[in-house]
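These notes concern the structure reproduced below.
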Amino acid sequence: KRGSMSHFSFSSSPTENDLAFTCRIREESGYKKTLDKMIIGDIILARGPSGILNMENDVTNPQVFLAGGIGITPFRSRIKYITDNNLNIEILLLYSNSHTEEISFKEEFDILTGAYRNFKVEYVVNDPLGSKLLWTGRVGRINADIIQKLTDIKISTFWVCGPPSMVSAMEEILSGLQVPEEKVKIEKFTGY
């Protein structure tokens, strides 16, 4: 066990009645194994909210969410809020996972792509051969090529959340593509 505290992002939207967060239960995390064993009615102590991934409702330029693994949680919250309120905000989600079965909220995002004309999603799987589920989509990692092909770099705002190594790689790529610093919003998930 590494401690009695962990950081989580809300995956629920203010448009939903229940407050929710999403995490991956990993064997090496005593904290998360304990969390997984909790039952309804158990008490937890919480602090917050905190964090920097806040977006104003009056944005008009395209928003690009670059998510790695469970770093999808704050983006799921934001996407749900935007689509529930039918805000006229163009969203592209580039979502990377190691294995096919790790893609969180896939069914929901797939439905949203048909229901909300301003939402598009592109999944990337790093290790499809090591996956338990068949993968026929994009393979590898989110890279400069993918970002250039799918986004309008000059006018988009980029939001990045995931493991620290993924976030650092995205920062480097976006810098190399000459995306201005003020158009890049990042948060590194700790505890990976």
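For the atom pair I186 CD1 and M170 CE, the distance stands at 12.0 Å (nearest 0.5 Å). Here Y95 contributes atom OH and R76 contributes atom CZ; the two are 12.0 Å apart, rounded to the nearest 0.5 Å. Rounded to the nearest 0.5 angstrom, E187 CD and T73 OG1 are separated by 8.5 Å. Atoms CG and CE, from N97 and M166 in turn, are 9.5 Å apart once rounded to the nearest 0.5 Å. Between the CG atom of L93 and the CD atom of Q63 there is a distance of 12.5 Å, given to the nearest 0.5 Å. Summarising the geometry, atom CZ belonging to F109 is positioned 10.0 Å from atom CZ belonging to F75; distances are rounded to the nearest 0.5 Å.
Taking the side chain as every heavy atom from C-beta outward, P164 and V167 never approach each other to under 4.5 Å. Contact annotation: the side chain of R78 approaches that of F65 to within less than 4.5 Å [non-hydrogen atoms, C-beta and beyond]. In this structure the side chain of T100 reaches within 4.5 angstrom of the side chain of V125, judged on heavy atoms.
For the side chain to side chain donor-acceptor pair (under 3.5 Å) test, residues two or more places apart in sequence or in another chain that qualify with T157 are N61. Evaluation of the side-chain contact (heavy atoms from CB on, under 4.5 Å) rule for S98 yields E102, N126 as partners, not counting sequence neighbours. Checked against side chain to side chain donor-acceptor pair (under 3.5 Å), Y123 has the following partners two or more places apart in sequence or in another chain: D110. In terms of the side-chain contact (heavy atoms from CB on, under 4.5 Å) criterion, residue partners of T113 (sequence neighbours excluded) are, by chain and number, F119, V121. A search for side chain to side chain donor-acceptor pair (under 3.5 Å) contacts involving S156 returns nothing, not counting sequence neighbours.
With respect to W135, the side chain to side chain contact (heavy atoms under 4.5 Å, CB included) criterion is satisfied by exactly one of V124, I103, L129: I103.
Counting only residues at least two apart or on different chains, the salt bridge (charged side-chain N to carboxylate O under 4.0 Å, His left out) pairs with a member in residues 125-142 are E122-R138. Among pairs with a residue in residues 142-154, none fulfils side-chain hydrogen bond (donor to acceptor under 3.5 Å, both in side chains), at least two apart in sequence or across chains.
Cluster annotation: L150 is connected to L66 through the hydrophobic network of ILVMFWY side chains, with a link wherever side-chain heavy atoms come within less than 4.5 Å. Hydrophobic clustering keeps I111 apart from Y116 (ILVMFWY residues linked when any side-chain heavy atoms are closer than 4.5 Å, directly or through intermediates). Criterion: ILVMFWY side-chain heavy atoms under 4.5 Å apart, direct or through other members. Under it, I91 and I155 are not part of a common hydrophobic cluster.
In terms of heavy atoms, I70 sits closest to S104 at CD1-OG, 3.9 Å. When every heavy atom of H99 is checked against every heavy atom of S131, the shortest pair comes out as CA-OG, 3.2 Å. Counting all heavy atoms, side chain and backbone alike, I142 lies closest to L94 at CD1-O, 3.5 Å.
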How far apart are the C-alpha atoms of N118 and I89, what are their side-chain angles, what is the distance that settles it, and do they pass the side-chain contact (heavy atoms from CB on, under 4.5 Å) test?
CA-CA 7 Å; N118 285 332; I89 300 172; over 6 Å; no
Verdict with supporting geometry, I79 and I82, side-chain contact (heavy atoms from CB on, under 4.5 Å):
CA-CA 5 Å; I79 290 164; I82 291 168; 5.8 Å; no
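No donor-acceptor distance shorter than 3.5 angstrom exists from the side chain of S168 to the backbone of S165, with no hydrogens or angles considered. Within the 3.5 Å criterion, the main-chain N or O of I39 finds a donor-acceptor partner in the side chain of D42.
Checked for salt-bridge contact, K120 and E90 miss the test: no charged N lies under 4.0 Å from a carboxylate O.
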Distance-only donor-acceptor hits, side chain of residues 174-183, under 3.5 Å, sequence neighbours excluded:
none

